[in-house]
Amino acid sequence: MKKNLIGIGIIATLMVCLLTITYSKGPQIFDREYQEQTTEVDRNDSEEYTEQETEVKDNILEDTQNDQMLNPTETSEENVTERNKEQYEDIVQVIYEQNQEDISAFFEYYPDTWQRWISFSTFDFTQDGQMEIMCSYVYVQTSSCLSYNFVYDMQGNKLFEFVSGNPWYLSIYQEENELHYYIYCDLWFGANCAVDIYEEVSKTESWDVDIKYVEWDTRDGKGIAENKQQGYNIYSDFSQEEKDLFMKKNYWEGMLQVFKSKEPCGTAEQVREYSEIYKSLPEDMVEEFASILSLEDGVIWREY
């Protein structure tokens with residue numbers, strides 16, 4: 001009986017050991033199988049996500065490339081601006097070297113920096129997508145700006161010249177599909193002295209500038225209100241000598257001398273009818289990009 005009990009004890013002990021071993025290994029086996037299954041699922045999900053992400057990136061890249069093809073100027077605006085600035089720097093240097101004596105004399109004649117400056121601006125007069133450069137000698141005459149404008153191509157060749165008011169506010173009216181422009185400016189040189197200038201710029205074989213009309217109004221307020229003709233003068237049919245005087249960079253020695261020596265030969269009705277021509281046309285303005293205030297400081301570039 002005792003031996004039977006010992007045998008039963010040994011068998012029970014072996015069963016307990018076997019269960020203990022099975023239990024201790026069971027979770028590890030389960031964990032490994034779960035991890036393998038989970039890893040396989042994650043791998044599949046990851047591969048699927050990567051494929052989707054790659055497809056999205058490809059679509060974005062394709063859209064970007066298509067957009068660049070449709071809008072090439074928008075893709076490198078900063079580089080284009082820098083490239084244009086380099087071109088402008090070159091042409092400004094050429095213009096300055098060609099006119100260094102005139103610029104120096106202009107600054108010496110008007111020594112106060114607030115009273116005069118050189119302005120550089122652009123306008124597509126040739127309508128070919130290539131901007132021309134306008135170099136303007138600007139000075140303040142009493143209470144208005146007078147500017148003497150010289151237009152150059154990008155190779156530094158002068159195309160034409162004309163007189164106007166402040167180039168920042170210059171009105172240019174364009175004939176569509178034609179190299180024909182109307183330029184108008186109104187000037188006020190203090191009490192009882194107003195000047196309106198009407199010019200045309202056109203090109204056939206070469207560029208031509210014509211001063212069509214100039215109004216010189218020296219009436220006081222009462223005279224204007226009563227529409228008196230005395231003191232209200234209209235000029236037209238300018239000779240080349242008179243045009244040259246208009247381009248002399250001094251109101252007293254240039255424009256005023258024309259007014260004093262030339263006979264008025266136009267009417268208010270003629271000017272009104274003429275102004276109706278260009279008022280119906282598209283209006284544009286020049287775009288300033290640089291200026292010279294003094295020879296010591298050199299060119300001041302406008303921020304883009």
Side-chain angles (χ1 to χ4, degrees), residues 77-125 130-172 183 185 187-190 193 195 197 199 207 209 243-257 284-304:
E77 182 178 351
E78 183 177 354
N79 293 335
V80 171
T81 299
E82 289 301 320
R83 186 159 60 250
N84 287 345
K85 185 176 179 181
E86 290 178 3
Q87 290 180 326
Y88 292 160
E89 287 175 344
D90 292 340
I91 189 61
V92 166
Q93 185 62 31
V94 170
I95 294 172
Y96 175 75
E97 290 176 356
Q98 289 178 350
N99 302 278
Q100 188 170 8
E101 291 184 6
D102 288 343
I103 293 175
S104 298
F106 181 67
F107 282 176
E108 288 176 7
Y109 194 88
Y110 302 100
D112 294 329
T113 56
W114 63 267
Q115 187 183 12
R116 69 352 175 221
W117 62 93
I118 303 292
S119 175
F120 292 95
S121 52
T122 61
F123 192 89
D124 187 8
F125 285 101
Q130 176 71 62
M131 292 292 185
E132 279 67 54
I133 307 298
M134 192 168 79
C135 175
S136 304
Y137 295 67
V138 190
Y139 82 95
V140 179
Q141 172 62 49
T142 313
S143 52
S144 275
C145 289
L146 265 172
S147 66
Y148 304 87
N149 311 287
F150 300 85
V151 178
Y152 297 83
D153 62 22
M154 289 300 289
Q155 287 68 50
N157 303 308
K158 190 175 78 171
L159 304 180
F160 58 89
E161 59 190 49
F162 65 96
V163 64
S164 74
N166 192 331
W168 297 349
Y169 308 107
L170 178 63
S171 297
I172 301 179
I183 297 177
C185 65
L187 311 170
W188 187 70
F189 301 130
C193 187
V195 177
I197 304 175
E199 296 169 283
W207 289 96
V209 178
K243 291 179 182 179
D244 292 341
L245 273 175
F246 258 82
M247 287 301 297
K248 192 168 185 177
K249 303 178 186 68
N250 183 282
Y251 170 77
W252 303 101
E253 298 177 7
M255 192 179 296
L256 185 59
Q257 295 305 313
D284 208 345
M285 302 181 74
V286 302
E287 295 185 12
E288 187 199 21
F289 66 89
S291 58
I292 300 177
L293 304 181
S294 68
L295 298 178
E296 294 76 16
D297 295 335
V299 179
I300 300 174
W301 296 93
R302 187 170 183 172
E303 294 295 330
Y304 290 95

Pairwise distance [atom1]([X]) to [atom2]([Y]) - rounded to 0.5 angstrom:
X	Y	atom1	atom2	result
Leu187	Met255	CG	CE	6.5 Å
Ile91	Tyr96	CD1	OH	15.5 Å
Trp301	Ser291	CH2	OG	10.0 Å
Thr142	Trp188	OG1	CH2	9.0 Å
Cys135	Ile103	SG	CD1	5.5 Å
Gln141	Leu256	CD	CG	9.0 Å

Flag for [Y]-[X]: side-chain donor and acceptor within less than 3.5 Å:
X	Y	result
Asn166	Ser147	no
Asn149	Tyr137	no
Glu97	Gln93	yes

* CD (Glu287) with more than 12 external heavy atoms under 6.0 Å ->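 No, not enclosed.
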
> Is Glu101 atom CD crowded by more than 12 heavy atoms from other residues, nucleotides or ligands, each under 6.0 Å away?
Replying inline: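 Incorrect, the count does not exceed 12.
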
Can you see which heavy atom on [X] is nearest to which on [Y], and at what distance?
X	Y	value
Val209	Lys243	O-NZ, 3.1 Å
Val163	Glu199	O-OE1, 2.6 Å
Pro167	Val286	O-CG2, 3.1 Å
Val140	Trp114	CG2-O, 4.2 Å
Ser164	Cys185	CA-SG, 3.7 Å
Pro111	Tyr109	CD-O, 3.3 Å

So does [Y] get a backbone contact from the side chain of [X], meaning a donor-acceptor N/O pair under 3.5 Å?
X	Y	answer
Ser119	Ser136	no
Arg116	Tyr110	yes
Asp112	Gln115	no
Asn157	Asp153	no

Check side chain to side chain contact (heavy atoms under 4.5 Å, CB included) between Glu161 and all other residues, then give those that pass, not counting sequence neighbours.
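If we apply the side chain to side chain contact (heavy atoms under 4.5 Å, CB included) test to Glu161, skipping adjacent residues, the hits are Phe150, Lys158, Met247.
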
### Message
Angle between ring planes, Tyr139 versus Tyr148, binned at 30° and 60°: parallel, tilted or perpendicular?
### Response
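Rings of Tyr139 and Tyr148: parallel, under 30°.
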
ring-ring contact (aromatic ring centres under 6.0 Å, His included) between Phe120 and Tyr88, worked out: CA-CA 9 Å; Phe120 292 95; Tyr88 292 160; 9.9 Å; no

- Item | From CA spacing to verdict: side chain to side chain contact (heavy atoms under 4.5 Å, CB included), Phe289, Thr122 | CA-CA 8 Å; Phe289 66 89; Thr122 61; 3.6 Å; yes

